[in-house]
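In what follows, a structure is listed as structure tokens, so that the remarks can point back to it.
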Amino acid sequence: MDLDRLHRNLDDPAEAEAWLRPWGLADTARAHGNLLRIARNGVTLDLLAVMCEQLADELPRSSDADMALNNLERFVAAARNPLSLASLFERDREALPILLQIFATSQHLSDVLITDGESYDLLRITEGQPVAREPLVNEFRADVVRLADDEPMVTAAIRRFKRRETLRVAYGDIIRNQPLNTVTRQISYVADAIVEAALAAASKRLASRSGAARLAAGDSGRFVVLALGKLGGVELNYSSDIDLLFLYDCPRGADVSQQHHLGEYYNRLVRDVVKLLTEATELGAAYRVDLRLRPSGKAGPMATNYDAAVHYYDTMGRTWERQAMVKARPIAGDLALGKEFLAQLEPWIYRRYLSRADITGIKALKRRIEQRTHAEGAAAQHVKTGHGGIRDIEFVIQFLQLLNGGDLPDLRTGNTLEAITQLANCGCLTDQERAILEDNYGFLRKIEHRLQIMFDLQTHLMP
């Protein structure tokens with residue numbers, strides 16, 4: 001771009017309006033101010049001219065050109081060296097367009113990039129590449145355990161990790177257009193790592209205060225965190241509650257008094273873990289934790305005894321609880337204990353047949369969800385519980401899993417897309433039904449992700 005013309009446009013707002021209008025900007029006066037402030041932050045005119053050429057190419061294709069340019073100005077102002085950053089944009093012609101796409105898509109991610117000085121450097125290193133679960137969990141747990149004696153440090157580390165990892169996952173989602181199952185799996189692995197780290201830190205702190213969970217004979221109890229809902233199915237979204245069930249097992253031969261002692265210990269541990277995850281800080285909360293799916297709901301203890309949980313489901317478990325347990329998955333603590341528990345429950349979850357009462361119960365639950373959505377006047381805009389929304393697909397799939405899972409073990413998965421594939425492979429869905437369900441589920445989940453990543457809000461309502 002000609003430097004003399006750039007000078008004139010920066011000096012004359014009236015002339016700048018005609019220059020900026022083709023960029024797709026609604027507020028050219030504010031955009032002119034954005035460019036002036038970028039120049040005043042130490043970006044030379046020749047580098048600003050290069051940036052303006054890229055802005056003229058990229059902003060007309062942007063979903064929100066005004067938001068993108070405003071966030072770019074804030075990002076340059078927050079940079080340790082704005083001149084070096086502008087030089088990067090000149091050398092790497094992909095850097096600025098990628099940032100503009102993020103700045104136009106998510107105010108939340110823009111704020112992370114602007115307020116966390118190291119996040120952009122980390123993002124350029126990872127480029128949104130997926131990470132395997134075990135290295136992610138193990139490395140972060142080790143980092144947090146080293147800080148365990150300093151609770152505020154642990155709390156801050158968890159939230160900082162969540163922000164940076166969400167940025168990495170969103171880069172793969174928004175910029176690399178990774179498939180839905182990759183994105184939701186990565187979001188779920190981040191949650192797994194955080195819950196595991198919170199448990200490890202809380203366990204270390206509690207043991208230092210009151211001793212480890214051991215009986216007089218030296219035997220220790222076993223403890224596991226089970227995830228249900230979307231986290232259990234490894235299909236978490238960006239701004240979802242996490243549904244957790246905390247389970248402990250007493251050593252053989254423990255008497256009533258010893259079992260009571262372990263129960264108190266693990267209930268304290270659960271409170272500490274939940275606090276680390278949910279406490280509001282200047283970096284926000286890591287997650288909203290929902291414990292209502294545990295045995296007896298709010299009336300039950302936060303940490304449930306293994307044998308008591310098995311007895312509860314065997315004698316009092318309802319159809320909707322079987323439906324919920326389809327997605328159960330051990331994510332932290334003694335994973336082997338969690339697998340043993342789910343294996344013991346499997347004949348209860350996947351019975352040989354569905355009774356009329358089972359089918360009526362599933363219908364009644366679905367009807368209550370629909371009535372609540374209609375009462376809120378959101379049936380047409382709610383991508384989750386509205387007519388033809390995400391919940392409709394999930395209910396169909398879970399119903400078919402419960403109906404056929406007793407005879408067909410391949411259907412016993414908590415992941416919706418995997419279940420659709422297996423139902424088709426087993427002949428429970430036609431190829432056409434499979435394609436319709438997969439395409440629409442993927443489309444609706446992508447809308448859900450875009451709605452939530454904009455402001456990091458738990459929303460499913462389209463404008």
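Here the two rings, on F75 and Y120, have centers that are under 6.0 Å apart.
Within 6.0 Å of CG on D121 lie more than 12 heavy atoms contributed by other residues, nucleotides or ligands. Annotation: M153, atom CE; neighbour count of heavy atoms from other residues, nucleotides and ligands within 6.0 Å does not exceed 12.
A salt bridge links R133 and D192; the closest N-O separation between the charged side-chain nitrogens and carboxylate oxygens is under 4.0 Å. Electrostatic pairing of D241 and R292 does not count as a salt bridge here, judged by no charged N lying under 4.0 Å from a carboxylate O. Between D272 and R205 there is no salt bridge, since no side-chain N of the basic residue sits under 4.0 Å from a carboxylate O of the acidic one. Salt-bridge formation is detected for the pair R74/D111: a Lys NZ or Arg NE/NH1/NH2 atom is positioned less than 4.0 Å from an Asp or Glu carboxylate oxygen. Between R160 and E118, no side-chain nitrogen of the basic residue sits less than 4.0 Å from a carboxylate oxygen of the acidic one, so the salt-bridge criterion is not met. One finds no salt bridge joining D243 and K327 here, because no Lys/Arg side-chain nitrogen approaches an Asp/Glu carboxylate oxygen to under 4.0 Å.
Side-chain atoms of L245 and L293, non-hydrogen and from C-beta on, never get closer than 4.5 Å to each other. Proximity of Y306 to V224: side-chain heavy atoms (C-beta onward) are nowhere separated by under 4.5 Å. Using a 4.5 Å heavy-atom threshold, the side chains of D143 and F161 count as separate. Taking 4.5 Å as the limit, every side-chain heavy atom of L457 sits out of range of all side-chain heavy atoms of H108. Within the 4.5 Å cutoff, the side chain of T413 has heavy atoms near those of the Q401 side chain. Side-chain atoms of L283 and R163, non-hydrogen and from C-beta on, do get closer than 4.5 Å to each other. By the 4.5 Å heavy-atom criterion applied to side chains, S239 and R288 are counted as neighbours. Considering only heavy atoms from C-beta on, T184 stays 4.5 Å or farther from V234 through its side chain.
A donor and an acceptor atom, one from each side chain of H260 and E264, are located under 3.5 Å apart. Counted by atom type alone, T416 and E235 present one or more donor-acceptor pairs between their side chains at under 3.5 Å.
Considering all non-hydrogen atoms of both residues, M454 and T105 come closest at CE-O, 3.4 Å. A pairwise comparison of heavy atoms in I158 and F140 identifies CA-CZ, 3.8 Å as the closest pair. Here the shortest heavy-atom pairing between A303 and Y248 reads O-CE2, 3.6 Å. Annotation for V154 and L147: closest pair CG2-O, 3.3 Å, computed over non-hydrogen atoms. Between N71 and F103, the shortest heavy-atom distance links the atoms ND2-O, 3.2 Å. Residues E196 and I331 come closest through the heavy atom pair OE1-O, 4.0 Å.
D173 contributes no side-chain N or O that, together with a main-chain N or O of V169, makes up a donor-acceptor pair within less than 3.5 Å. Listed for the R176 side chain is no donor-acceptor partner under 3.5 Å among the backbone atoms of Q129.
A parallel orientation is assigned to the rings of H382 and H460, their planes being inclined by less than 30° (bins at 30° and 60°).
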Pair up each side-chain donor or acceptor in residues 388-400 with any protein partner under 3.5 Å, not counting sequence neighbours, and list the distances.
{"unit_1": "D392", "atom_1": "OD1", "unit_2": "K366", "atom_2": "NZ", "d": "2.4"}
{"unit_1": "D392", "atom_1": "OD2", "unit_2": "G388", "atom_2": "N", "d": "2.7"}
{"unit_1": "E394", "atom_1": "OE2", "unit_2": "K230", "atom_2": "NZ", "d": "2.8"}
{"unit_1": "Q398", "atom_1": "OE1", "unit_2": "Q323", "atom_2": "NE2", "d": "3.0"}

